[in-house]
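Input: a single structure, listed below in structure tokens.
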Amino acid sequence: MSDHPSHAHMDAAQAYEAAKLGIWTFLATEVLLFGGLFTAYIVFRLKFPQMFHEDHFHLNRILGAVNTIVLICSSLTVALGIAAIRKGKQHLLKVYLSLTILLAAVFLGIKYVEWTEKFAHGLFPDTDVFFSLYFVMTGLHGLHVLAGMLVLGGVLVLAGRGKFSEHYSTPVEISGLYWHFVDLVWIYLFPLFYLIG
Amino acid sequence: MTEAGRSLGYLEEKGFLSWALTLDHKRIGVLYLLTTLLFFLVGGVFGLLIRIKLMVPGQQIFSDHVYNVLFTLHGSVMIFLFIIPAIPSGLGNFFIPLLIGAKDVAFPRINLASYWIFVAGIGVIVASLVRPMDTGWTFYTPYSAKTAANVTLLSFGIFLVGMSSILTGLNFLVTIHKLRAPGMTWHRLPLFIWGMYSTSVIQVVATPVVGITFLLLAMERLFGIGFFDPSKGGDPLLFQHFFWFYSHPVVYVMILPAMGIISEVVPVFSRKPIFGYKAIAYSSLAIAFIGFFVWGHHMFVSGMSKTANIIFSFLTFFVAVPTAVKVFNWIATMYKGSITFESPMLYALTFIFLFTFGGLTGMFLGALATNVHLHDTYFIVAHFHYTMMGGTVVGFLAGLHYWFPKMTGRMLSEKLARAGWLLTFIGFNVTFLTQFFLGFRGMPRRWAEYPPQFQGLNIVSTVGSWILALGILIMFVNFVRGLYAGKPAPANPWKGLTLEWQAASPPSTENFEAIPVITDWPYGYAKRKPESNE
Amino acid sequence: MTNAYAVQEAASRSAVQIDAVFLFITVVSLFFFFLVEGLLIYFAIRYRRKKASEDAATSDVTSNLVLEIVWVLIPSLVVLAFFAYGYVVYRDVNTPAPGASDINVTAQQFFFEFKYPDGRMEANELRVPAGRPVKLIMTSRDVIHGFFLPDFRLKQDILPGRYTYLYLQPDKEGTYDIFCTQYCGVGHSTMRAKLVVMPAEEYAKWASVGKVAGAALSLPEKGKDLLAKSGCLGCHSTDGTIKVGSSFKGIFGREVHLEGDRKVTADEEYIRESIYDPGAKVVKGFPNIMPTFKGRLSGDDVTAIIAYIKTLK
């Protein structure tokens, strides 16, 4: 039962279950990837409390907060997109996917502004451990945002070709799950770097 | 390769693209096998060169720097390009779907991608050889952050290879959970699957940590960040913790699949049900679990706190218990069996013999007082060669001999197999047994030259390496000969009960005509029906 | 390498103790080795298929709970014993002996530098009197190195940016190898030193002769000089008076109370950290205003200051 040759060996139910388990397993690996960095954060925060306290004032809380709202909204739009396609509303799906990608682009734009602001003030990844962590963690997160944009872009293209319906929207759902994870990582990064002294 | 009337099954379709773009798990498995076997030989050549240099103390034959590069490459190639992928991505890919009664893995395209990512990683690693690294495969900072070698490129290469490993583990996890044939309950799974499942869990959880470790190492070199650099407030021990958090569990990625193979081979060639099925199955999970908490035993003299040392020593010993349980159950399987010694069984028994010995030498390393003396000496080198080569590699060879007829449709020559086995066994022991004594007497590892008191045993070890190499060579001759001139193999030459033997030799692309329905476990070899069907 | 089983042969009592652990593990492991491998080989031979019995009836027993429990319990007890004995001896060997003389070891690519309390420095040769315990205070100038004394069965990595320690009990006169055991670059295999254990009188002679006229100040003297020159005495006293900062008198080895009810022992590492990162562990009741001396005091300077502070009892 497939127009999906790569899962000709599974029925639709199996394929859906497999996809869900697959994305959750993948997200587990991502948790461990970032986990290493969060561990480093804890280690160095305990070692240099003063440095963390002083340095975090250099971060732009307003831009950080705006970015947080931007990402939360993008999680909302992707969830709305999934809800839409579950009801068969293809056009609405495309709208929401586009909005999500747009918001992701805004996030990256603001990040760009933030980073260039830091560089202009002479704050670089090798300035001290706090800024090493800041740039590495937000950088890796940014790469994941970019990857998410590409994946969602691909899903948008497929949506444009009418691949999804109320019977089949698995790629949309698993991309959405990935996107929520990316949002979640930022929700940890923001307070850890911008807020707590 | 064709003979009149013989079907080539999945090997039928010809052409480069039919292999390069295949979605068939069997072909992907073969690609991995060929690639990893190639690097086994490459790594082996590096090993032989190491041993040649070590025959003579002093700066002779070739320079100390070249030696340092060679041992780094030997370790890195053997570990990342051979031992970690060989059984899982090679034999695992080929046989997991067959053993659970599926037509393929859950994500065939991701499977193909994992192979090409692996190849890309190899490419990047080879590119880094322009300025080859000499850090040892453990890449400890600060040296690895400062050395002129191309550690950055190498780090990206290893990152890619790690990504391939993660995708493979992910694929297998989902496959085993979701694609089992009807009636194949968890307690009817072949034990190789239990081993592969536990392996996949480790791959998925541990590999990302080494991924981030190498990324950070690359960034330390590229952007001057200082997580591991004391002059910037960093801590070289942090690198070691990150590195070993993966690299200890990864030894279980290496050994669990091999143990799974032994659990398959011993019952078949004893004509007896496996003894202690549940114990063996759950011991794989136990090893995977406990294995995550013992990484500090690589760091007892690193400057880690005494408290941490005590905790890690205590936990380390407990990973030995589920391992011992497997050995006892395999031997119990042989009790009152009807045993034959075809090459798969020969290698399987060798595995039990050598791995048990290697595991016992680990007792000296888990105990704090003795570890302090033995760490970073040749005792360690001998220990891990007994467990990784006497263990994993021998288990891998058992699997290759066992499943060669299924994969190729041909039989190997038992005479050549025995000759290869004998020389390999003798050569291996001569090479590595001597190294325990070298280590106890104080010869450090990663030494290109040494004081004269160590020369005698070094010569013996080197001669052993030549015998070992000859044995491996004969084995490869057997493989190549088997491919072209081996006797045609029946579907079930060993009369095994696991599902792969119900498929043809070699299997068709879809594996099975129809997905079988399972009603029993695959170890019912006894003449009488087992009373308690575990 | 010396045979440590005979006490009179052993280079150090640490070797004797550790070799006893080796012996214990060896004997027990050999027992299980012969048991397990013996059964393996025995079963392989005893139950091999004889020609005619192609379809031999084999046993159908597939599990035995009692057996499983037994062979989980016994290995567990055995490894527990290995752990316990290994731990006890490790703890003993790492217990500081009273009256130990401090030797500073600085490792760098590719040699060991030994600094004696009297200020004398030697490369690659460490001389100690027999019978007197020694505390090695080790740090590296560049990458991680290792300090391995096979005859004593002792080893410790040497790290940049911090101190690691090794306690030696040199019991028997002789010359012993010191090897670098942490890969450190192209000279790793030739990074070797010697420990020379001398009879007490010979050592005394050597110690007095070795001091060349106009030689460097002893370590504590150098440290005293630095304290005065670097401005430390502006805030710290050496006679017990509390000024802006705490007094150095009697501080070494004392338990110090920090802000937030934490306690720490004022050892070498604490003093070094307080000089380079003064805000990390501020003593309770004192303001956090001490500037850092990173870049102004080298690792060797810090070593000398520590040596001086130790004399302020």
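This structure is a prediction, so every number in the text was calculated from the model and none was measured. In what follows, every chain begins at residue 1, and chains take the letters A, B, ... in the order their sequences are listed.
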Pair A:Thr39-B:Phe242, side chain to side chain contact (heavy atoms under 4.5 Å, CB included): steps then yes or no: CA-CA 10 Å; A:Thr39 305; B:Phe242 277 179; 4.3 Å; yes
Rounded to the nearest 0.5 Å, what separation is found between the [atom1] atom of [X] and the [atom2] atom of [Y]?
X: B:Phe223; Y: A:Phe135; atom1: CZ; atom2: CZ; value: 11.0 Å
X: B:Tyr246; Y: A:Leu32; atom1: OH; atom2: CG; value: 13.0 Å
X: A:Thr25; Y: B:Gln203; atom1: OG1; atom2: CD; value: 12.5 Å
X: B:Asp104; Y: A:Met10; atom1: CG; atom2: CE; value: 8.5 Å
X: A:Gln14; Y: B:Arg180; atom1: CD; atom2: CZ; value: 10.5 Å

Portion of [X] that has a non-hydrogen atom of chain B nearer than 4.5 angstrom:
X: A:Leu140; result: side chain
X: A:Lys20; result: neither
X: A:Val129; result: both
X: A:Phe48; result: side chain

Closest approach of [X] to [Y] (non-hydrogen atoms, all atoms of both residues):
X: A:Ala18; Y: B:Phe107; answer: O-CZ, 3.1 Å
X: A:Asp126; Y: B:Ile225; answer: CB-N, 4.4 Å
X: A:Ser132; Y: B:Gly226; answer: OG-N, 3.9 Å

Is the number of heavy atoms from other residues, nucleotides or ligands within 6.0 Å of [atom1] ([X]) greater than 12?
X: B:Lys146; atom1: NZ; result: yes
X: B:Phe292; atom1: CZ; result: yes
X: A:Leu46; atom1: CG; result: yes
X: A:Phe119; atom1: CZ; result: yes
X: B:Trp186; atom1: CH2; result: yes

Of the listed residues ([options]), which shares the most heavy-atom pairs with chain A below a 4.5 Å separation?
options: B:Ile166, B:Ile110, B:Val205, B:Leu167; value: B:Val205
options: B:Leu179, B:Thr207, B:Thr175; value: B:Leu179
options: B:Gly234, B:Gly233, B:Pro97; value: B:Gly233
options: B:Ala102, B:Gly224, B:Gly211, B:Pro208; value: B:Pro208

Counterpart residues, ring-ring contact (aromatic ring centres under 6.0 Å, His included), relative to A:Phe44 (two or more places apart):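 A:Phe44 satisfies ring-ring contact (aromatic ring centres under 6.0 Å, His included) with B:Phe227 only.
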Residue list, ring-ring contact (aromatic ring centres under 6.0 Å, His included) with A:Tyr16, at least two apart or on another chain: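 A:Tyr16 satisfies ring-ring contact (aromatic ring centres under 6.0 Å, His included) with no residue once adjacent residues are dropped.
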From CA spacing to verdict: side chain to side chain contact (heavy atoms under 4.5 Å, CB included), B:Leu238, A:Val43: CA-CA 9 Å; B:Leu238 189 63; A:Val43 166; 4.2 Å; yes
Heavy-atom side-chain contact between A:Leu33 and B:Ile212 under 4.5 Å: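 Yes, their side chains come closer than 4.5 Å.
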Any side-chain heavy-atom pair of A:Asp128 and B:Lys232 under 4.5 Å: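 SC-SC contact between A:Asp128 and B:Lys232 ruled out.
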Selection from A:Gly36, A:Gly35, A:Ala28 maximising heavy-atom pairs under 4.5 Å formed with chain B: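 Maximum pair count with chain B is reached by A:Gly36.
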Set of residues satisfying side-chain hydrogen bond (donor to acceptor under 3.5 Å, both in side chains) with respect to B:Lys178, sequence neighbours excluded: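 For B:Lys178, the residues satisfying side-chain hydrogen bond (donor to acceptor under 3.5 Å, both in side chains) (neighbours in sequence not counted) are A:Glu17.
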Proximal to chain B - members of residues 65-87 of chain A, heavy-atom separation under 4.5 Å: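 The stretch does not come within 4.5 Å of chain B.
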